[in-house]
Amino acid sequence: MSLTTESAVGPDELAVLKLLALEGGLEGDLKISCSRLADRLDASNQTASRRLQRLESAALLERDTVNDGQWVAITDAGERALHGEYEEYRRIFETDAEVALEGTVTSGMGEGRHYISLPGYQRQFEDRLGYEPFPGTLNVDLREDSVRRRSAVSSLEPVSIDGWEDDDRTYGPAVCYPATIETSDGETYEGAHTIAPERTHHDEDQLEVIAPIKLRDELALEDDDFVTVAVGDRQ
Ligand SMILES: Cc1cc2nc3c(=O)[nH]c(=O)nc-3n(C[C@H](O)[C@H](O)[C@H](O)COP(=O)(O)O)c2cc1C
Ligand SMILES: Nc1ccn([C@@H]2O[C@H](COP(=O)(O)OP(=O)(O)O)[C@@H](O)[C@H]2O)c(=O)n1
Ligand SMILES: [Mg+2]
């Protein structure tokens with residue numbers, strides 16, 4: 001990442017943003033003095049001031065200078081930048097335990113509701129997942145890199161749902177994995193599962209999620225909202 005322009009933000013600036021967040025900068029306005037910040041960073045006043053300026057130019061921080069210091073507030077974009085760092089650390093320390101897939105909520109063909117409600121599946125969901133799912137599947141349109149990463153899910157411990165038949169026809173098997181859904185606001189729901197039916201009209205870029213509750217209501221989700229689906233057990 002280039003640090004040559006005024007607004008360039010690199011690891012040094014992110015470190016300042018993290019420090020401000022640790023002091024409560026995400027909760028609201030925070031009063032700081034450049035000299036105290038310089039002390040904490042083990043840098044000169046000039047360096048501390050330059051890093052704050054760069055964060056402000058990149059719209060990651062809002063500032064209001066007063067006589068004895070300045071008021072700062074981390075913006076939504078600043079919070080997202082910190083969250084990006086957090087996700088990377090999570091990937092470093094939790095690689096074996098879960099696979100984080102990212103995408104946007106989308107509407108499907110309205111068939112999920114029918115299949116999830118069938119008694120031959122319902123019995124198995126109650127036995128093997130421990131709950132009666134809300135009738136439907138929350139469909140997530142995966143980003144390209146997540147479509148690729150999806151194959152890593154097969155190294156995790158699955159919950160298998162068997163195929164079955166009634167008088168009219170046969171129904172295909174499906175594979176579930178425990179999952180946590182996280183919205184871009186940081187709201188999470190932990191008790192969900194991904195479900196991959198063997199017979200489906202969707203490609204690998206569509207992830208379907210089931211849960212005991214309606215996720216759209218619980219997490220205030222609408223089509224095109226960004227979500228992270230952390231697949232696998234949390235350590
Ligand atoms: C538990 C479960 C079992 C399914 N079994 C079948 C099946 O036997 N045959 C089939 O054509 N589709 C089956 N489907 C796939 C649905 O037809 C559909 O492709 C998918 O669930 C997406 O629905 P949606 O777009 O309405 O969310 C199944 C889906 C679920 C959730
Ligand atoms: N646990 C769940 C399951 C489905 N849903 C939603 O419930 C509705 C019915 O699910 P569905 O699979 O039949 O419909 P589509 O995914 O085809 O739109 C959809 O709007 C899903 O996004 C949810 O919010 N939470
Ligand atoms: Mg669905």
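Both ligands and their constituent atoms are indexed starting at 1 by order of listing. Side chains are part of it too, since the values below use all heavy atoms of this structure and drop only hydrogens, waters and symmetry mates.
- Side-chain contact check for T170 and R199: at least one donor-acceptor pair (N or O, by modelled atom type) lies under 3.5 Å.
- In this structure, the protein non-hydrogen atom closest to atom 5 (N) of ligand 2 is F134 CE2, 3.9 Å.
- Side-chain N/O atoms of Q206 and D141 include a donor and acceptor closer than 3.5 Å.
- For atom 25 (N) of ligand 2, the closest heavy atom belonging to the protein is L215 N, 2.8 Å.
- With a 4.0 Å cut-off on non-hydrogen atoms, I213 touches ligand 2 through its backbone and not its side chain.
- Of the protein's non-hydrogen atoms, R216 NE, 3.9 Å is the one closest to atom 6 (C) of ligand 2.
- Atom 23 (O) of ligand 1 has its closest protein heavy atom at G112 N, 3.4 Å.
- Here T137 reaches the Mg ion (ligand 3): one of its N/O/S atoms is less than 2.8 Å from the metal.
- In this structure, E198 has no heavy atom closer than 4.0 Å to ligand 1.
- What sits closest to atom 1 (C) of ligand 1 on the protein, heavy atoms only, is I195 CD1, 3.7 Å.
- Looking only at protein heavy atoms, the nearest one to atom 11 (O) of ligand 1 is Y115 OH, 3.7 Å.
- At least one donor-acceptor pair closer than 3.5 Å links the side chain of D166 to the backbone N or O of R169.
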>> Before you tell me yes or no, could you show the steps for T137 and N139 under side chain to side chain donor-acceptor pair (under 3.5 Å), namely the whole-Å CA-CA distance, both residues' side-chain angles and the distance that decides it to 0.1 Å?
In response: CA-CA 6 Å; T137 60; N139 297 23; 3.0 Å; yes
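- The protein heavy atom nearest to atom 5 (N) of ligand 1 is Y121 OH, 3.2 Å.
- The pair R50-D12 fails the salt-bridge criterion, with no side-chain N (NZ, NE, NH1 or NH2) lying under 4.0 Å from an Asp/Glu carboxylate O.
- When the options R199, Q206, E111 are ranked by their closest heavy atom to atom 15 (C) of ligand 1, first place goes to R199.
- Heavy-atom separations between G110 and ligand 1 include at least one value shorter than 4.0 Å.
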